[in-house]
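Note: hydrogens, waters and symmetry copies are ignored here, and every other heavy atom, side chains too, is used.
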Amino acid sequence: AFLNFPYSVKIHENGDIYFIERGSYKIRKISDGVVSTFAGNGESGFGGDGGLAVDAKIGRPIDMVWDSKGNMYFSDPSAHVIRKVDLKGIITTIAGTQECSYSNDGGYAIDAALCGPGRLAMDKNDNLYISEFSNKIIRVIDKNGIINTIAGKVGEANTSGDGNLAKDATFKYPAGLAFDSLGNLYVSDRDDCIIRKIDTIKLKLSNKTDKTLIISISSFMILFSDFI
């Protein structure tokens, strides 16, 4: 198969391989050695909510994750949205208004403006974490669809706040996200070449995100990193 700018690769628990083909505006799947399109009709844009994902317009996604039920979520910074593909292959938007902005924290994610949603991570309770590289923040959408900022200050491109509340810290370019076995969240700050750790053990989504702490910062330098 001919591929046009293959990007992020993820392996589903069933062994299928999923990857983003940014040059073709698609998400594709390899199952038993056969390549097929999972989402995107090859036309750049935004559209198709409520229909089959393979018929939808998408832009250039960055990342994808699954919840415990097997639904896929992917970030599309071209439209500043997070979209979901369910087990029936139906696509919907779960966050973002297509406007590059910041709004509706503490409200429903579908009504919240995002700016540059990039890498994603899903915790064991199906809370979806998003690094917004343009807004310089980390946000989380809970299983009820409520969005909150847990780390960073909107638009402040700096690196500060280590050892303090995560919401009082700043990032230059928050990118990759990953959880350890204890539930701590690690964030790569691409433009400062560092890895930061957020203690999520005390994180409660019921208006208690102020208890989330950044407790350490890795001192080693990353010489090469992802584009996003």
Side-chain angles (χ1 to χ4, degrees), residues 3-10 18-29 37-67 71-122 126-142 145-150 152 154-155 157 171 173-177 190 226-228:
L3 307 181
N4 188 357
F5 198 173
Y7 199 62
S8 298
V9 177
K10 294 289 178 72
Y18 290 78
F19 64 94
I20 292 167
E21 193 173 338
R22 298 193 82 198
S24 296
Y25 314 107
K26 295 180 179 179
I27 297 174
R28 306 190 77 183
K29 178 176 78 170
T37 298
F38 179 78
N41 64 8
E43 189 176 348
S44 178
F46 176 85
D49 267 6
L52 292 174
V54 293
D55 296 327
K57 289 182 182 180
I58 64 176
R60 289 182 169 172
I62 291 292
D63 203 7
M64 52 197 162
V65 293
W66 290 268
D67 64 19
N71 301 300
M72 177 194 278
Y73 301 80
F74 67 89
S75 57
D76 191 346
S78 304
H80 308 290
V81 295
I82 306 295
R83 304 183 80 177
K84 171 185 173 182
V85 182
D86 69 16
L87 296 178
K88 295 181 179 179
I90 303 300
I91 190 169
T92 54
T93 300
I94 68 155
T97 62
Q98 299 184 62
E99 178 187 5
C100 180
S101 187
Y102 175 84
S103 68
N104 213 45
D105 228 39
Y108 286 105
I110 190 63
D111 298 320
L114 314 178
C115 191
R119 298 293 181 179
L120 306 174
M122 187 77 70
D126 286 343
N127 299 305
L128 177 63
Y129 291 74
I130 308 160
S131 63
E132 281 186 54
F133 54 83
S134 294
N135 272 336
K136 318 299 182 189
I137 55 175
I138 309 297
R139 299 174 90 175
V140 60
I141 303 173
D142 70 16
I146 303 300
I147 191 168
N148 279 288
T149 300
I150 66 158
V154 177
F171 298 86
Y173 195 112
L177 302 174
R190 190 195 71 173
D226 264 343
F227 294 109
I228 298 296

Quick one: closest heavy-atom pair of [X] and [Y], and the distance?
X	Y	answer
Phe19	Pro6	CD1-CB, 4.2 Å
Ile130	Ile141	CD1-CD1, 3.7 Å
Ile58	Tyr25	CG1-O, 3.1 Å
Gly50	Thr92	N-CG2, 4.3 Å
Ile62	Pro77	CG1-CG, 3.4 Å
Thr93	Asp49	OG1-OD2, 2.8 Å

Notebook entry, point to check: Can you tell me how far CG of Asn104 sits from CG of Leu114, rounded to the nearest 0.5 angstrom?
Noted result: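 Output value for this atom pair is 10.5 Å.
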Check: Hey, what do you get for OG (Ser134) to NE2 (His80), rounding to the nearest 0.5 Å?
Finding: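 The OG atom of Ser134 sits 7.0 Å away from the NE2 atom of His80.
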Without swapping roles, check the side chain of [X] against the backbone of [Y] for a donor-acceptor pair under 3.5 Å.
X	Y	answer
Asn135	Ile137	no
Ser78	Gly59	no
Asp55	Asn41	no
Ser131	Arg119	yes

Item checked: cation_pi(Arg83, Phe74) dist<6.0 Å, angle<=45 ->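 Checked: cation-pi criterion not met.
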Next item on the list: Might you work through the side-chain contact (heavy atoms from CB on, under 4.5 Å) test for Phe46 and Lys57, ending with a clear yes or no?
Entry: CA-CA 5 Å; Phe46 176 85; Lys57 289 182 182 180; 5.7 Å; no
Note to self: By the definition side chain to side chain contact (heavy atoms under 4.5 Å, CB included), identify the one residue from Asn148, Asp105, Leu128, Ile82 that meets it with Arg139.
What the structure shows: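 So, applying the side chain to side chain contact (heavy atoms under 4.5 Å, CB included) to Arg139 and each of Asn148, Asp105, Leu128, Ile82, only Asp105 qualifies.
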Counting C-beta onward and ignoring hydrogens, is there a side-chain heavy-atom pair between [X] and [Y] closer than 4.5 Å?
X	Y	value
Val81	Ile94	no
Val154	Lys136	no
Trp66	Tyr73	no
Met122	Tyr129	no
Met72	Ile27	yes
Arg22	Tyr7	yes

Checklist line | Full working for side-chain contact (heavy atoms from CB on, under 4.5 Å) between Asp111 and Thr97 | finding: CA-CA 6 Å; Asp111 298 320; Thr97 62; 5.6 Å; no
Notebook entry, point to check: So, are Lys10 and Asp63 salt-bridged, with charged N and O less than 4.0 Å apart?
Noted result: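 Salt bridge between Lys10 and Asp63, a charged N being under 4.0 Å from a carboxylate O: yes.
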Margin query: Is a donor from one side chain sitting under 3.5 angstrom from an acceptor on the other, for Tyr102 and Thr149?
Written below: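 Short answer, yes.
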Next item on the list: Go through Leu177 and Leu120 one step at a time and tell me if the side-chain contact (heavy atoms from CB on, under 4.5 Å) criterion holds.
Entry: CA-CA 6 Å; Leu177 302 174; Leu120 306 174; 5.7 Å; no
Item checked: Whether Phe133 and Tyr173 hold their rings parallel, tilted or perpendicular, with breakpoints at 30° and 60° ->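 Ring orientation of Phe133 relative to Tyr173: parallel.
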Next item on the list: Show your working on side-chain contact (heavy atoms from CB on, under 4.5 Å) between Phe38 and Val85 and close with a plain yes or no.
Entry: CA-CA 9 Å; Phe38 179 78; Val85 182; 3.6 Å; yes
Checklist line | Candidates Lys26, Arg60, Arg28 - the one meeting side chain to side chain donor-acceptor pair (under 3.5 Å) with Glu21 | finding: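 Looking at Lys26, Arg60, Arg28, the match for Glu21 under the side chain to side chain donor-acceptor pair (under 3.5 Å) is Arg28.
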